[in-house]
2 protein chains.
Amino acid sequence: MKPTIKDVAKKSGVSIATVSFVINNSKPVSVETRNRVLKAIKSLNFRPSNSARDLVTGKTGNIGFILTDDHFLRTEPFYTRIFLGTEFEARSEGYYILLTTIKRDFKETDNLPRFIIDRNVDGVIVAGKVPHCFIERLSASNLPAVFIDYIPPKNDYPMVLIDNIQGALMATNHLISLGHTNIAFIGGGTEHPSWVDRLKGYKQALESSNIPIKNSLIVANDKFQGRQNGFNSAKMLFSKKNNITAVFAANDAMAIGVLKYLRDNGKRVPQDVSLIGFDDIEADLMLSPTLSTIRVPKLELGTEALKLLVNVIKSKKSLSKKILVPVELIIRESTSIYSPK
Amino acid sequence: MKPTIKDVAKKSGVSIATVSFVINNSKPVSVETRNRVLKAIKSLNFRPSNSARDLVTGKTGNIGFILTDDHFLRTEPFYTRIFLGTEFEARSEGYYILLTTIKRDFKETDNLPRFIIDRNVDGVIVAGKVPHCFIERLSASNLPAVFIDYIPPKNDYPMVLIDNIQGALMATNHLISLGHTNIAFIGGGTEHPSWVDRLKGYKQALESSNIPIKNSLIVANDKFQGRQNGFNSAKMLFSKKNNITAVFAANDAMAIGVLKYLRDNGKRVPQDVSLIGFDDIEADLMLSPTLSTIRVPKLELGTEALKLLVNVIKSKKSLSKKILVPVELIIRESTSIYSPK
DNA sequence: AAATTTTAGTTAAACGTTTAACTACTTTAA
DNA sequence: TTAAAGTAGTTAAACGTTTAACTAAAATTT
């Protein structure tokens with residue numbers, strides 16, 4: 001059978017309490033006994049029982065990771081990478097991650113994830129946009145929670161966010177520095193803070209370079225943000241005659257849609273139109289040209305969120321800290337210097 | 001504080017044992033008391049403590065889900081769907097899933113997932129191909145395990161497999177029924193049972209239609225199985241003059257690579273070449289033409305594996321059952337009737 | 001009617017930890 | 001020299017369940 005703390009105690013000739021102190025560093029133990037205990041632990045291959053420990057401490061050692069199923073199933077491994085960051089960090093922090101999805105159209109009457117109902121987690125991480133009514137239910141459950149890449153309305157949970165404004169600034173400034181002035185923006189709907197901020201950064205960049213902002217160059221009204229949407233938006237923009245020489249798409253998926261539209265319609269990238277995305281989804285290595293973009297450190301989003309959550313759990317204070325994770329400009333083939341015909 | 005079984009017992013005027021019997025249906029309880037207890041449970045919003053229960057039963061209520069990180073991060077949400085199937089089924093079975101990845105090049109000396117070392121799972125599900133040495137380490141741990149979509153060498157674990165031969169038969173027969181005879185096969189390396197079986201099905205279909213098998217039409221030597229590989233293989237096939245009119249690619253990712261090669265080289269699909277894949281990764285709705293394929297029921301792979309594992313855990317017998325999940329022919333735009341020029 | 005079996009419930013031990021309260025020394029302070 | 005404080009360890013209770021062993025009453029069999 002699995003060895004218990006008693007076996008260790010017997011083998012090293014001390015009480016089980018002392019063994020516990022050694023395991024948890026919770027009380028001073030003399031060097032000799034500590035070593036004796038450690039040796040016994042090793043030789044018996046002892047591992048403390050989670051359930052016993054959890055029972056007495058009232059903790060579970062688990063953390064829930066929640067996202068909508070469509071986010072989880074996105075073709076770009078964006079949220080999966082974030083999850084992996086969390087999972088990885090959880091290993092060193094000694095937590096287990098319970099991953100579950102909720103429906104994108106979570107209803108008032110839907111069940112919360114079972115680990116919340118059963119209180120089988122010490123806290124949860126919510127990644128990406130989730131329905132309002134889910135957030136309300138979650139907040140009623142009084143569990144510590146941290147949000148990633150989404151600002152929950154009316155709740156001051158701690159958050160780990162992408163520095164969207166800065167990224168959009170970098171992307172737009174990159175295009176400007178290449179000589180472009182007729183720069184289009186393609187974004188998702190305005191109900192998501194990320195798109196709002198990326199648009200904000202775009203505008204700021206233009207302003208500070210004294211380039212007039214033309215609403216005719218901005219498409220940001222769709223609820224979705226996939227390739228199809230990029231394709232459609234590009235169609236809207238390029239069917240009018242407005243001399244666009246560069247496009248900043250608010251994410252790579254849309255950028256790929258734009259790319260497809262341009263290719264289908266005889267525009268060369270980057271010779272005729274420069275194109276930059278956002279996210280760096282390292283999607284398609286076959287993509288040609290390769291896409292300039294703003295790299296979002298996805299693993300880091302996940303690790304930071306876990307660290308933050310562990311802090312909240314341990315301090316028991318509901319610090320409403322916001323961490324803004326910096327992004328990085330990645331220049332590839334899809335952007336080049338403006339060369340008028 | 002969280003209500004305990006004692007609170008329920010007090011409220012309903014019975015002993016805690018009776019409450020336990022009601023919760024677990026483990027001993028007959030009269031209808032009246034049962035109802036009284038259930039009412040108390042509901043009104044107190046009582047949920048049994050996992051840790052307490054686990055401690056006494058020696059179970060954990062957790063199941064580990066293991067796959068390599070590159071599988072998890074694949075652009076096609078193939079394994080993520082399988083996971084979702086498992087997770088979904090786990091909800092109704094009352095288990096929690098701990099998802100973790102191992103490295104594709106897992107080394108003898110690498111640590112097993114922490115939940116195995118700590119024995120914090122009652123069993124594990126392994127999805128997709130994993131390194132041999134990992135399997136050996138796993139099997140030394142003596143945990144119940146079920147494999148999905150991979151046949152572990154030298155171990156008779158229970159498995160849930162795709163009916164690859166049948167699928168390949170269906171795909172090839174579909175092409176044959178359209179009048180094609182010069183049908184190429186593009187597969188991955190032969191070290192993976194799936195590719196071997198899909199090739200086998202391809203050959204069987206040709207044989208039973210009395211179409212000679214030409215090795216020049218078969219490319220199956222690469223270790224990887226992505227788009228790039230499909231692209232390269234198509235190049236190899238079509239650069240020789242051999243009148244290929246149809247291609248069966250052993251997965252959709254490779255099929256998409258083939259499609260790209262054909263498009264780049266002026267061949268129309270399906271007018272000039274019919275193309276069918278395998279998996280149905282519902283990748284790119286923008287793909288044109290849409291891809292005929294063999295649908296693999298991914299969720300079902302996951303649910304079946306969980307059911308099987310739960311069976312093993314409960315029966316304590318190491319039944320080495322194999323479940324072959326049926327596939328389905330999905331005809332879309334990329335295959336059409338053979339029309340000689 | 002007595003003996004036996006069945007049914008519905010109770011009691012108490014056990015699971016493997018953590019930790020508050022205590023003890024017995026040893027060191028330091030007065 | 002004695003009292004106080006510090007150190008290193010022990011004892012035992014507690015956490016919230018499950019379950020074996022038991023009891024008392026009811027139902028069935030003889």
Side-chain angles (χ1 to χ4, degrees), chain A residues 1-38 40-41 44-62 94-96 117-122 313-314, chain B residues 1-38 40-41 44-62 94-96 117-122 313-314:
Chain A
M1 237 5 266
K2 232 190 131 184
T4 76
I5 200 172
K6 275 186 196 154
D7 302 318
V8 177
K10 193 172 290 171
K11 179 135 192 173
S12 46
V14 294
S15 72
I16 60 167
T18 306
V19 177
S20 178
F21 299 149
V22 170
I23 296 169
N24 303 298
N25 275 311
S26 46
K27 275 205 178 180
V29 173
S30 74
V31 182
E32 314 103 274
T33 39
R34 152 164 277 114
N35 285 336
R36 223 159 359 112
V37 169
L38 288 175
I41 288 177
L44 291 170
N45 196 21
F46 165 77
R47 292 268 157 176
S49 143
N50 263 293
S51 40
R53 172 178 284 178
D54 295 348
L55 178 58
V56 50
T57 60
K59 300 282 172 196
T60 68
N62 298 328
Y95 280 95
Y96 292 109
I117 300 177
D118 289 357
R119 303 233 133 222
N120 194 33
V121 289
D122 299 335
I313 291 172
K314 294 212 168 128
Chain B
M1 234 8 262
K2 232 189 132 183
T4 76
I5 200 172
K6 276 185 196 153
D7 302 317
V8 177
K10 192 173 294 172
K11 180 135 192 170
S12 46
V14 295
S15 71
I16 60 167
T18 305
V19 177
S20 178
F21 299 150
V22 170
I23 297 169
N24 303 297
N25 275 311
S26 45
K27 273 205 177 179
V29 173
S30 75
V31 182
E32 314 104 273
T33 41
R34 152 165 278 115
N35 285 337
R36 231 170 339 123
V37 170
L38 288 175
I41 288 177
L44 291 170
N45 197 19
F46 164 77
R47 292 269 158 176
S49 142
N50 263 292
S51 39
R53 172 177 284 177
D54 295 347
L55 177 58
V56 53
T57 59
K59 300 283 173 194
T60 69
N62 299 327
Y95 281 94
Y96 292 108
I117 300 176
D118 288 357
R119 303 232 134 224
N120 195 35
V121 289
D122 299 335
I313 291 171
K314 293 211 168 132

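Chain A is the first sequence line, chain B the second, and so forth, proteins listed ahead of strands; every chain is numbered from 1. What's counted below: heavy atoms across the whole structure, side chains too, no hydrogens, waters or symmetry copies.
- Map B/V56 and B/T33 each onto its nearest nucleotide of DNA chain C; the residue landing nearer the 5' end is B/T33.
- With A/V29 as the partner, the side chain to side chain contact (heavy atoms under 4.5 Å, CB included) test is satisfied by one option alone out of A/T18, A/V14, A/V37, A/V19: A/T18.
- Side-chain atoms of B/D122 and B/T60 include a donor-acceptor pair closer than 3.5 Å.
- Nucleic acid contact class of B/N24 (heavy atoms, under 4.0 Å, all strands): sugar-phosphate only.
- Panel note: side chain B/D7, backbone B/T4; a donor-acceptor pair is recorded below 3.5 Å.
- Contact annotation for A/I23: no contact, since no heavy-atom pair falls under 4.0 Å across all strands.
- Between the axis at the start and the axis at the end of the helix from C/dA1-D/dT30 to C/dA30-D/dT1 there is an angle of 40°, using five pairs per end and rounding to 10 degrees.
- For A/R47 (side chain) and B/D118 (main-chain N/O), no donor-acceptor pair under 3.5 Å exists by modelled atom type.
- Within 4.0 Å of B/R34, counting heavy atoms only, lies no atom of the nucleic acid at all.
- Regarding A/K27, its NZ atom lies at a distance of 12 Å from the P atom of D/dG9, rounded to whole Å.
- In this structure, CG in B/L55 is found 13.0 Å from CZ in A/R53, a value given to the nearest 0.5 Å.
- In this structure, A/S15 reaches the bases: a heavy-atom distance under 4.0 Å links it to at least one base atom across the strands shown.
- At a threshold of 4.0 angstrom between heavy atoms, the contacts of B/T4 are confined to the sugar-phosphate backbone, with no base atom among them.
- Within the nucleic acid shown, A/S26 has no heavy atom closer than 4.0 Å to any nucleic acid atom.
- At a threshold of 4.0 angstrom between heavy atoms, the contacts of B/T18 include nucleobase atoms, whether or not backbone atoms are also involved.
- Considering CG of B/N35 and OG of B/S30, their distance stands at 8.5 Å, rounded to 0.5 Å.
- Along DNA chain C, read 5' to 3', the first and last nucleotides having any atom under 4.0 Å from a heavy atom of chain B are C/dA8 to C/dG16.
- To the nearest 0.5 Å, atoms CD1 (B/I16) and NZ (B/K10) are separated by 11.5 Å.
- Across all strands shown, B/S20 has heavy atoms under 4.0 Å from base atoms, whether or not it also approaches the sugar-phosphate.
- Distance check: B/I41 CD1 to B/I5 CD1 gives 8.0 Å after rounding to the nearest 0.5 Å.
- From B/K27, atom NZ reaches atom OG of B/S20 across 10.5 Å, with rounding to the nearest 0.5 Å.
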